[in-house]
Structure formats: C-alpha cells, structure tokens
Amino acid sequence: MIKKMSIKTKFGWISAYENNGKIFKVKFGKLKKQIKSPILENFNKSLHKFIHKKNHFLKARYKLSGNQIQKKIWLELKKIKKGQTKSYGEIAKKYNLSPRHVGKICSQNKLLLIIPCHRVIRADGSLGGFSSIGGVKLKKKLLKFEGVFI
DNA sequence: TACAACTCCGCTG
DNA sequence: CAGCGGAGTTGTA
C-alpha cells in the first residue's frame with residue numbers, strides 16, 4: 001500500500017510517497033488525495049527541522065531505486081553539506097563518468113531534498129539545470145536559502 | 001541510435 | 001582577455 005502526503009514549506013508544496021515504511025519518492029507539488037502514515041508524519045517533522053537550519057541533511061528512511069552507478073552518484077551527492085556545492089565535472093572525474101551523464105543522473109533523482117541534487121552546479125559557477133524537477137528558479141532559491149551565494 | 005541539468009580548448013574580436 | 005562554438009564523453013531510453 002502506497003501512502004502519500006503533501007507538506008507546505010516556504011519553497012512551496014512538497015509531496016512524499018511511502019511504501020513499506022520507506023520513502024521512495026519526494027517531489028514538488030501538491031497532491032489532491034493524501035493517505036498519511038506515521039512514517040510520513042515523521043518525514044514532515046524532519047523536513048521542517050531541515051528547513052529551519054537545524055540539520056545538514058534530511059533524515060528519513062528511504063529507498064533508492066536505480067542501478068549501481070546512480071546509487072553511487074546519489075550517495076556522493078548526499079555527502080555535500082548545506083551551503084556547499086560541487087560541480088558536475090568534479091563528481092564525473094571521481095567516478096570516471098562524463099559530466100553530462102552526471103547531470104542526467106541528477107535529473108533522475110526522485111528523492112528531492114533527501115538527495116540534494118540542487119547543490120550540484122556547473123564548473124564555471126552558473127547553475128546548470130534543474131528543469132526536470134522544479135525549475136532553475138527553485139534551485140536558486142534553495143541554494144540561496146542554504147547560504148550559497150550565486 | 002540519439003540524447004543529456006557539462007567541460008575543455010581553440011579561435012575570433 | 002572575454003566570449004563563442006564545436007567536439008568529446010558515456011549511461012539510458
């Protein structure tokens with residue numbers, strides 16, 4: 001049974017999906033129908049803690065669905081702390097991938113905020129993309145909020 | 001096979 | 001020196 005709930009934040013509505021006690025998807029937007037669960041309520045709390053700068057990371061039981069490489073990259077992204085950024089190229093080099101591919105993997109990230117893909121920017125300091133999730137505007141907002149000066 | 005949320009390098013002004 | 005254009009790269013759909 002899949003449960004889902006929407007949470008209102010200063011960045012807009014965020015929706016989380018849970019199955020078998022684990023969060024498997026987080027995205028922007030509001031859901032019409034919600035089926036809440038203790039796990040999701042808990043996630044709601046973590047999310048607010050995270051937003052109010054108490055935590056570096058969003059704590060949650062989550063499930064990563066993807067292949068080996070995607071997981072590797074996502075784990076790498078999770079190491080980036082609030083206020084820090086990394087370039088696509090940096091990560092690509094580390095794992096012997098092409099930078100473009102790193103970008104693609106980021107866009108494949110379904111666990112928004114849990115996996116902070118918005119902290120990955122271009123080598124020259126410009127933002128890169130974020131279109132598949134919430135738009136570059138949102139990326140900028142998130143980074144600014146986390147203390148990264150663009 | 002074509003595409004992708006990039007980067008590097010060389011050329012022009 | 002800054003700005004622009006093209007090639008290179010490699011896992012996915």
Side-chain angles (χ1 to χ4, degrees), chain A residues 1-32 40 43-44 46-150:
Chain A
M1 180 62 181
I2 292 173
K3 293 104 176 168
K4 49 196 176 177
M5 107 184 244
S6 300
I7 301 161
K8 194 178 163 91
T9 72
K10 61 193 285 189
F11 301 114
W13 286 91
I14 290 172
S15 300
Y17 296 69
E18 178 239 311
N19 189 21
N20 287 328
K22 290 184 180 173
I23 310 279
F24 70 93
K25 189 161 134 187
V26 179
K27 61 164 200 171
F28 280 105
K30 190 185 177 185
L31 300 169
K32 278 185 183 170
L40 288 173
F43 178 76
N44 185 357
S46 313
L47 182 62
H48 279 102
K49 261 194 210 168
F50 172 75
I51 287 177
H52 294 106
K53 301 195 181 188
K54 286 172 194 157
N55 297 353
H56 263 308
F57 299 107
L58 191 47
K59 214 177 167 185
R61 285 190 67 195
Y62 59 90
K63 182 172 163 49
L64 236 48
S65 57
N67 62 33
Q68 217 54 42
I69 293 150
Q70 288 172 322
K71 283 183 192 170
K72 254 200 258 178
I73 301 300
W74 291 337
L75 282 175
E76 182 68 23
L77 297 187
K78 264 177 66 60
K79 287 185 198 157
I80 309 174
K81 290 188 179 130
K82 228 181 212 181
Q84 291 184 326
T85 56
K86 261 190 181 173
S87 74
Y88 295 99
E90 227 177 309
I91 296 167
K93 212 171 170 185
K94 188 161 181 180
Y95 292 97
N96 278 324
L97 295 169
S98 68
R100 305 191 65 163
H101 189 222
V102 175
K104 180 153 194 187
I105 290 173
C106 293
S107 73
Q108 235 111 54
N109 166 33
K110 293 181 193 68
L111 296 168
L112 199 63
L113 299 176
I114 295 180
I115 309 289
C117 63
H118 58 277
R119 292 179 193 151
V120 187
I121 57 174
R122 281 206 211 161
D124 64 4
S126 62
L127 284 177
F130 202 54
S131 49
S132 40
I133 302 176
V136 181
K137 257 191 195 169
L138 185 57
K139 182 171 184 172
K140 199 169 180 179
K141 215 169 166 184
L142 283 167
L143 286 173
K144 204 172 171 189
F145 160 72
E146 295 189 347
V148 178
F149 184 74
I150 310 291

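Predicted model, so just to flag it, every value in this text is computed and none were measured. The sequence lines fix the lettering, A, B, ..., with proteins before strands; numbering per chain opens at 1. The basis for the numbers below is simple: all heavy atoms, side chains too, and nothing from hydrogens, waters or symmetry mates.
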Going by heavy atoms closer than 4.0 Å, what residues in residues 101-114 of chain A are next to DNA chain C?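 Within this stretch, A:His101, A:Lys104 sit under 4.0 Å of the strand.
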Can you name the side-chain hydrogen bond (donor to acceptor under 3.5 Å, both in side chains) partners of A:Arg100, sequence neighbours left out?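 None.
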Could you work out, with side-chain hydrogen bond (donor to acceptor under 3.5 Å, both in side chains) as the rule, every residue matching A:His48, not counting sequence neighbours?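 Expected list: A:Asn44.
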May I ask you to test the A:Ile51-A:Phe145 pair for a side-chain heavy-atom distance under 4.5 Å?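 A side-chain contact exists here, since the closest heavy-atom pair is under 4.5 Å.
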Just grab all the side chain to side chain donor-acceptor pair (under 3.5 Å) pairs involving residues 107-120 of chain A, residues at least two apart or on different chains.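 Found A:His118-A:Glu146, A:Arg119-A:Glu146.
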[X] and [Y]: which non-hydrogen atoms are nearest, and at how many Å?
X        : Y        : result
A:Leu113 : A:Phe50  : CD2-CE2, 4.3 Å
A:Asn20  : A:Glu18  : N-OE2, 3.8 Å
A:Ile121 : A:Lys139 : CG2-CE, 4.2 Å

Please name all residues satisfying side chain to side chain contact (heavy atoms under 4.5 Å, CB included) with A:Asn55, sequence neighbours left out, ordered by chain then number.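 Here the qualifying residues are A:Lys49.
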Residues in side chain to side chain contact (heavy atoms under 4.5 Å, CB included) with A:Arg122, at least two apart?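 Checked A:Arg122 against side chain to side chain contact (heavy atoms under 4.5 Å, CB included); matches are A:Tyr88, A:Asp124, A:Ser126.
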Show every donor-acceptor pair shorter than 3.5 Å between a side-chain atom in residues 69-77 of chain A and any protein atom, with sequence neighbours excluded, or say none if there are none.
from: A:Gln70; atom 1: OE1; to: A:Asn67; atom 2: N; distance (Å): 2.9
from: A:Trp74; atom 1: NE1; to: A:Ile105; atom 2: O; distance (Å): 3.3
from: A:Glu76; atom 1: OE1; to: A:Tyr95; atom 2: OH; distance (Å): 2.7
from: A:Glu76; atom 1: OE2; to: A:Lys86; atom 2: NZ; distance (Å): 2.9
from: A:Glu76; atom 1: OE2; to: A:Lys94; atom 2: NZ; distance (Å): 3.4

Base-pairing string, 5' to 3', of DNA chain B - Watson-Crick or wobble, under 3.5 Å, | interstrand: ||||.||||||||
Check: C:dG11 base within 3.5 Å donor-acceptor of A:Arg100 side chain: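 Checked by distance alone, the answer is no.
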Quick check for you: name the first and last nucleotides of DNA chain B, 5' to 3', having an atom under 4.0 Å from a heavy atom of chain A.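 Contacts span B:dA4 to B:dT7, reading 5' to 3'.
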Give a yes/no verdict on a cation-pi contact between A:Lys22 and A:Tyr62, requiring under 6.0 Å between NZ or CZ and the six-membered ring centre and an angle within 45° of the axis.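 No, cation not above the ring by the 6.0 Å, 45° rule.
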Quick one: side chains of residues 3-16 of chain A, donor-acceptor pairs under 3.5 Å with protein atoms, not counting sequence neighbours, listed by atom name and distance.
from: A:Ser6; atom 1: OG; to: A:Ser15; atom 2: OG; distance (Å): 3.0
from: A:Ser6; atom 1: OG; to: A:Leu31; atom 2: N; distance (Å): 2.8
from: A:Thr9; atom 1: OG1; to: A:Phe11; atom 2: N; distance (Å): 3.0
from: A:Thr9; atom 1: OG1; to: A:Gly12; atom 2: N; distance (Å): 3.4
from: A:Thr9; atom 1: OG1; to: A:Gly12; atom 2: O; distance (Å): 2.7
from: A:Ser15; atom 1: OG; to: A:Gly29; atom 2: O; distance (Å): 2.6

DNA chain B contacts made by residues 69-94 of chain A, counting heavy atoms under 4.0 Å: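 Close to the strand are A:Ser87, A:Tyr88, A:Gly89.
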